[in-house]
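Please read the structure below before turning to the comments.
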Amino acid sequence: MKKKFAKVVLSNRPDLCEYQCNGAMAAAKAYKKKPIDIANAVVEQLTGEHANPVFSEVVAVMPGFINLKLSEGFLADYMNGMAADEKLGLGEPEKKETIIVDFGGANVAKPLHVGHLRSAVIGESVKRMGRFLGHNVIGDVHLGDWGLQMGLIIEELRDRKPELPYFDENYTGEYPAEAPFTISELEEIYPAASGKSKVDEAFKERAHQATLKLQKGYPPFRAIWKHIMNVSVADLKKNYSNLNVDFDLWKGESDAEPYIQKMIDTLEAQGLVHEARRLVVDVAEESDTKEIPPCLIRKSDGASLYATSDLATIVEREEDFKPDRYIYVVDKRQAMHFEQVFRVAKKAGIVKPETQMVFLGFGTMNGKDGKPFKTREGGV
């Protein structure tokens with residue numbers, strides 16, 4: 001009998017047997033025999049002196065079905081074998097992949113709140129499952145440490161403590177080794193600064209300029225940034241440890257900074273960027289069923305954006321790990337952003353065409369107002 005007729009499926013009558021084969025019905029026409037005669041011939045091969053130890057009972061029933069009941073002894077031996085195996089009978093993958101799982105994504109200088117649990121727990125689970133399957137899985141927290149919140153903290157600190165040497169343009173000495181704030185003070189400074197920026201345009205502009213100066217390497221602001229990182233990361237590590245979540249890499253957006261120019265040079269060499277002062281890449285494709293806007297890579301004032309650091313981070317990861325797969329565990333509001341980033345990475349040849357780039361989105365944790373929790377608004 002041809003193999004195509006020998007397909008075994010789960011039984012639709014589990015009260016009678018675990019598996020069934022309906023191939024005799026299809027074979028009847030090909031062999032010009034009654035289905036029940038074909039079924040009986042197959043049963044004869046699987047019983048008697050040729051009995052298969054996998055089955056306790058093999059029966060042909062009208063009009064030509066074959067019912068297969070598993071042997072309890074076979075099942076017991078199989079399960080005992082699984083229990084004794086280190087990986088419960090799971091074999092090694094055909095191809096061992098290197099997989100980057102980007103999860104956690106906490107912003108420094110902000111306390112973790114209940115909304116951060118999802119990325120942490122889902123990402124940790126994906127990382128552990130990948131490792132159990134036999135892959136080389138690398139977890140990266142990818143901290144938010146290079147955006148506007150840094151400028152907001154710097155300028156709020158200036159307003160509160162203008163006497164600090166970081167704000168004295170004539171200061172030429174070493175900057176203090178000790179941070180000018182505790183973790184609790186730091187976690188109060190950010191929401192206060194964020195609130196102020198919503199009502200004070202001048203303060204908001206100062207924060208933008210401070211962020212830009214930080215990103216361009218201004219030493220006093222880099223010194224404050226290092227204090228923020230040291231104080232905040234130590235606290236984050238403690239909190240993630242309490243959740244039994246750990247990361248192989250404690251990288252942040254700032255680590256992508258040295259790779260940004262290389263990434264932009266690659267885009268320009270491919271002829272993908274346009275607009276003189278700011279850099280934009282078109283990522284829409286003819287097959288799209290919804291509008292995919294162009295991806296803004298850099299603002300006209302030279303400031304970096306999330307897309308800038310995310311793409312530069314991919315350049316860094318390709319140099320360091322050459323991953324076969326990327327998995328980003330981020331809330332679903334970022335779906336469009338990552339679709340744009342993935343498309344730019346593929347179009348520019350930053351990653352190979354066959355590299356899998358997966359956005360694993362999840363829902364948000366919302367307050368009583370039905371809106372997602374926001375640290376900068378306080379009360380979480």
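Only this structure's heavy atoms are used, side chains among them; waters, hydrogens and symmetry mates stay out.
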Side chains of [X] and [Y] in contact at under 4.5 Å (non-hydrogen atoms):
X	Y	answer
T308	M263	yes
H135	R325	no
K110	E187	no
K96	N136	yes
R278	I297	no
V344	L272	no
K237	W250	yes
P220	K213	no

Going hydrophobic residue to hydrophobic residue with side-chain gaps under 4.5 angstrom, can you get from [X] over to [Y]?
X	Y	answer
V59	I66	no
F55	L16	no
L186	L164	yes
L243	I183	yes
L212	W225	no

Under the side chain to side chain contact (heavy atoms under 4.5 Å, CB included) test, residues paired with A307 that sit two or more places apart: C295, H337, V341
Results of side chain to side chain contact (heavy atoms under 4.5 Å, CB included) for N244 - residues two or more places apart only: R128
Would you say the side-chain atoms of [X] pair up with the backbone N or O of [Y], donor to acceptor, closer than 3.5 Å?
X	Y	answer
D235	S232	no
T98	P323	no
T364	N366	no
Q340	I292	no
T211	A207	yes
S197	K204	no
K347	D282	yes

Are more than 12 heavy atoms, taken from residues, nucleotides or ligands other than [X], located less than 6.0 Å from that residue's [atom1] atom?
X	atom1	result
E178	CD	no
M79	CE	no
E319	CD	yes
Y175	OH	yes
F203	CZ	yes
E163	CD	yes
Q261	CD	yes

Pairing of R333 and D331 as salt bridge, 4.0 angstrom limit: yes
Salt bridge flag under 4.0 Å for residues D265 and K262: no
Got a list of side-chain donor-acceptor pairs under 3.5 Å for residues 137-147, not counting sequence neighbours?
| residue | atom | partner | partner atom | Å |
| --- | --- | --- | --- | --- |
| D140 | OD1 | H142 | N | 3.0 |
| D140 | OD1 | K251 | N | 3.4 |
| D140 | OD2 | R317 | NH2 | 2.9 |
| H142 | NE2 | D310 | OD1 | 3.4 |
| D145 | OD1 | E253 | N | 3.0 |
| D145 | OD1 | S254 | N | 2.8 |
| D145 | OD2 | S254 | OG | 2.6 |
| W146 | NE1 | E257 | OE1 | 2.9 |

Partner of Y326 under side chain to side chain contact (heavy atoms under 4.5 Å, CB included), chosen from V358, I99, V351: V351
Set of salt bridge (Lys or Arg N to Asp or Glu O under 4.0 Å) partners for D324, sequence neighbours left out: K95
Which atom of L112 lies closest to which atom of A106, heavy atoms considered: CD2-CB, 3.7 Å
Where I314 and A345 come nearest, the two heavy atoms and their spacing: CD1-CB, 4.3 Å
Sequence neighbours excluded, every pair satisfying salt bridge (charged side-chain N to carboxylate O under 4.0 Å, His left out) that has a member inside residues 31-44: none
Excluding sequence neighbours, so at least two apart, what forms side chain to side chain donor-acceptor pair (under 3.5 Å) with [X]?
X	result
K196	E156, D159
R158	E155
D77	none

Qualifying residues under ring pair (Phe, Tyr, Trp, His ring centres under 6.0 Å), relative to F221, sequence neighbours excluded: Y218
Separation of [Y] [atom2] from [X] [atom1] (nearest 0.5 Å):
X	Y	atom1	atom2	answer
R298	I264	CZ	CD1	3.5 Å
L360	K332	CG	NZ	13.0 Å
T355	K346	OG1	NZ	6.0 Å
Q149	S194	CD	OG	10.0 Å
L214	I154	CG	CD1	5.0 Å
N12	F65	CG	CZ	7.5 Å

Residues clustered with V280, ILVMFWY side-chain links under 4.5 angstrom: L296, L305
Cluster companions of V199 among Ile, Leu, Val, Met, Phe, Trp, Tyr (side-chain spacing under 4.5 Å): none
Verdict with supporting geometry, E188 and E185, side-chain contact (heavy atoms from CB on, under 4.5 Å): CA-CA 5 Å; E188 183 272 325; E185 287 171 337; 5.7 Å; no
Option passing side chain to side chain donor-acceptor pair (under 3.5 Å) with Y166 (candidates R222, K161, H227): H227
Steps toward side-chain contact (heavy atoms from CB on, under 4.5 Å) verdict (I224, L157): CA-CA 10 Å; I224 296 174; L157 194 62; 4.2 Å; yes
Selection residues 81-94 - residue pairs positive for side-chain hydrogen bond (donor to acceptor under 3.5 Å, both in side chains), sequence neighbours left out: K87-E92
Passing option when F103 is tested against Y328, F247, Y240, F362 for ring pair (Phe, Tyr, Trp, His ring centres under 6.0 Å): F247
